[in-house]
Amino acid sequence: MYVIEHALLNLGKNKGRNSLLAIIILAIITTTVVALAIYNTAQTVMEETRRALQCAVRVAPQRSSPGTGVAVTAGGGQQEAAVTLEQYLAFASSQHLDGADVKEGGRNADEVDAVYFLKRPELLAVFEAELRDKGLPDNYSVKTDESTFASVAGPVESLQKLSLTFLLIVLVLGAVIMVLLSFIVIRERKYEIGVLRAMGMKKEKIALGLWTETIIITCLCFVLGMGAGSILSQPVSDAILAGQAETSAPGSSSLADRLNEAQGVVPPTTKIDIAIDPVTALEIFAVSILLASIAGIIAVSRITKSEPIKILMERN
Amino acid sequence: MTKCLELRNVTYRYEGSRETVLQKVNAEFEHAKVYTIIGESGAGKSTLLSLLSGLDTCQEGDIYYNGTNLRSIDRDIYRSQRVGVIFQSYNLLLNSTALYNITLSMSISESKIKGRQAKKQAAYALLAKMGLDRETSHRKILELSGGEQQRVGIARALAHNPDVIIADEPTGNLDAETEQAVLAIFTRLAHEEGKCVIIVTHSESVTAIADEVLSIQEGQLSKLRRG
């Protein structure tokens with residue numbers, strides 16, 4: 001118990017040194033919050049979009065393969081069998097569906113644009129089998145909308161990769177800085193450690209005291225860092241997304257446009273709303289504690305190897 | 001008298017040095033006696049105290065405390081409970097108050113005095129014996145004079161009621177009056193409470209209270225006078 005009391009007293013005694021440590025930890029936690037929040041939100045958007053798009057099934061005639069010379073289209077009275085509007089509408093009565101969007105006028109005026117919304121993505125094969133039973137010709141495909149997903153997912157994936165890279169850099173640099181800083185702090189406190197060892201305080205208790213100090217500072221920084229990170233995550237994410245849209249190829253649409261393209265397929269989205277969920281917060285907390293502990297343990301283990309008299313003689 | 005500390009063929013040399021500071025030293029220290037060790041600077045007096053107090057270990061030979069080899073006992077417990085060390089350079093926690101230095105020592109040694117208030121009262125009493133009032137007790141070590149720091153160092157060494165008191169020039173910074181008071185405490189602890197008190201000193205007034213005077217010369221410890 002006295003070890004914890006000693007640690008708490010020390011926090012107040014070494015304000016300058018602890019403030020420096022706090023600033024570094026705060027910077028690491030804030031940047032980690034921003035990076036992890038963006039990463040996790042992008043992940044969620046990707047999953048939700050993928051799920052939404054996997055539920056949207058487009059029934060359309062297969063286009064001719066280059067070189068075969070056989071053109072297969074729907075509704076045009078060509079060589080292959082075509083599905084009528086009535087058939088498309090009949091397909092919509094499947095019990096596996098949540099709804100359907102069937103309208104005339106696809107790429108050609110006489111084509112039908114039919115999108116069916118499955119209750120679950122796993123029902124695709126069952127639904128296709130049902131349509132074949134109902135007379136859907138083999139030259140018609142029953143597919144999820146991969147192209148829309150790809151166009152939506154591209155920038156989000158880039159954002160995710162960017163945030164992950166940023167996160168890794170922050171963590172590696174943060175760990176190095178923390179270890180170096182811990183070394184400096186512990187060196188500065190070598191005399192105090194020597195006195196405590198000379199008084200008979202066990203190495204483990206000294207380490208526990210120093211660790212407690214670091215953990216208290218880390219916890220305070222965690223609260224502040226979560227606040228600062230939450231405020232910064234959204235503008236940083238918006239800025240990155242804006243940059244993505246600007247750097248897109250001429251004529252290509254922005255992420256927002258691409259998401260809107262999928263309107264009716266996925267809910268219309270104009271930006272990613274960055275959120276820090278409890279799991280993200282827990283991850284950040286765990287990472288902070290881990291970094292602080294590793295840095296502290298490395299530094300303390302070096303200093304407590306010396307005999308107390310050697311530490312004291314160095315100083316005296 | 002029972003043996004408290006015993007040195008058997010103790011040899012010590014500093015790391016990286018071929019020269020031995022202590023060469024096959026044999027000695028016995030008994031309970032209820034005051035010993036003083038004299039010798040020239042660099043003769044190995046402080047080194048001997050470091051070994052006796054478990055702050056360092058010798059390369060050859062063994063030291064026994066109440067018949068048990070120091071190598072086989074937990075030296076942290078030995079330092080915190082059995083031995084009280086008064087350092088020449090005080091070695092106090094500079095950013096803490098005099099009072100805290102004493103109460104922390106009690107906590108580390110798992111003293112019989114339990115509770116924060118009881119420890120504080122015991123610490124006040126100890127500091128008062130050393131001539132330090134309550135106001136001074138609440139001052140940080142850095143704000144105290146050398147003599148006051150030395151008195152805090154002595155109080156800390158006695159805080160956990162150790163069996164052995166080891167002191168390196170304990171009265172070097174004290175005025176004559178305080179020196180006599182401190183020496184009276186040492187004598188009383190030895191003769192009335194059965195403690196073993198070992199003091200390294202250059203002071204004749206300290207040597208005067210010794211039951212035995214030992215001298216270190218050329219790595220050897222020899223008896224000069226028996227009290």
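Computed from heavy atoms alone, side chains included, the values below leave out hydrogens, waters and symmetry copies. Convention: sequence-line order gives letters A, B, ...; per-chain numbering from 1.
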From CG (B:Leu93) to OH (A:Tyr191), nearest 0.5 Å: 7.0 Å
Nearest heavy-atom approach of A:Ile309 to B:Asp56 is CG2-OD2, 3.4 Å
Roughly how far, to the nearest 0.5 Å, is CE of A:Met313 from OG of B:Ser46? 8.5 Å
Would you please go through residues 109-126 of chain B and name the residues with a non-hydrogen atom below 4.5 Å from one of chain A, in numerical order? B:Glu110, B:Arg116
Members of residues 58-80 of chain B whose heavy atoms come closer than 4.5 Å to chain A: B:Asp74, B:Arg75, B:Asp76, B:Ile77, B:Arg79, B:Ser80
Within a radius of less than 6.0 Å around NZ of A:Lys13, do more than 12 heavy atoms belonging to other residues, nucleotides or ligands occur? yes
Is A:Glu188 atom CD crowded by more than 12 heavy atoms from other residues, nucleotides or ligands, each under 6.0 Å away? yes
How long is the straight-line distance from CZ of B:Arg156 back to CE of A:Met199, given to the nearest 0.5 Å? 5.0 Å
Could you tell me which portion of B:Gln88 (side chain, backbone, both or neither) has an atom closer than 4.5 angstrom to a non-hydrogen atom of chain A? neither
Start with the C-alpha gap between B:Ile108 and A:His6, add the side-chain angles, then the distance that decides, and say whether side-chain contact (heavy atoms from CB on, under 4.5 Å) holds. CA-CA 11 Å; B:Ile108 292 173; A:His6 184 66; over 6 Å; no
Can you confirm whether A:Lys203 is buried at NZ, in the sense that more than 12 heavy atoms of other residues, nucleotides or ligands lie under 6.0 Å from that atom? yes
Can you list the residues that meet the side chain to side chain donor-acceptor pair (under 3.5 Å) rule with A:Glu213, with sequence neighbours excluded? A:Asn10, A:Arg189
Can you check whether anything in residues 99-106 of chain B gets within less than 4.5 Å of chain A, heavy-atom wise, and list it by number? B:Tyr100, B:Asn101, B:Leu104, B:Ser105
Return the option, out of A:Glu5, A:Lys205, A:Glu192, with the maximum number of heavy-atom pairs under 4.5 Å with chain B. A:Glu5
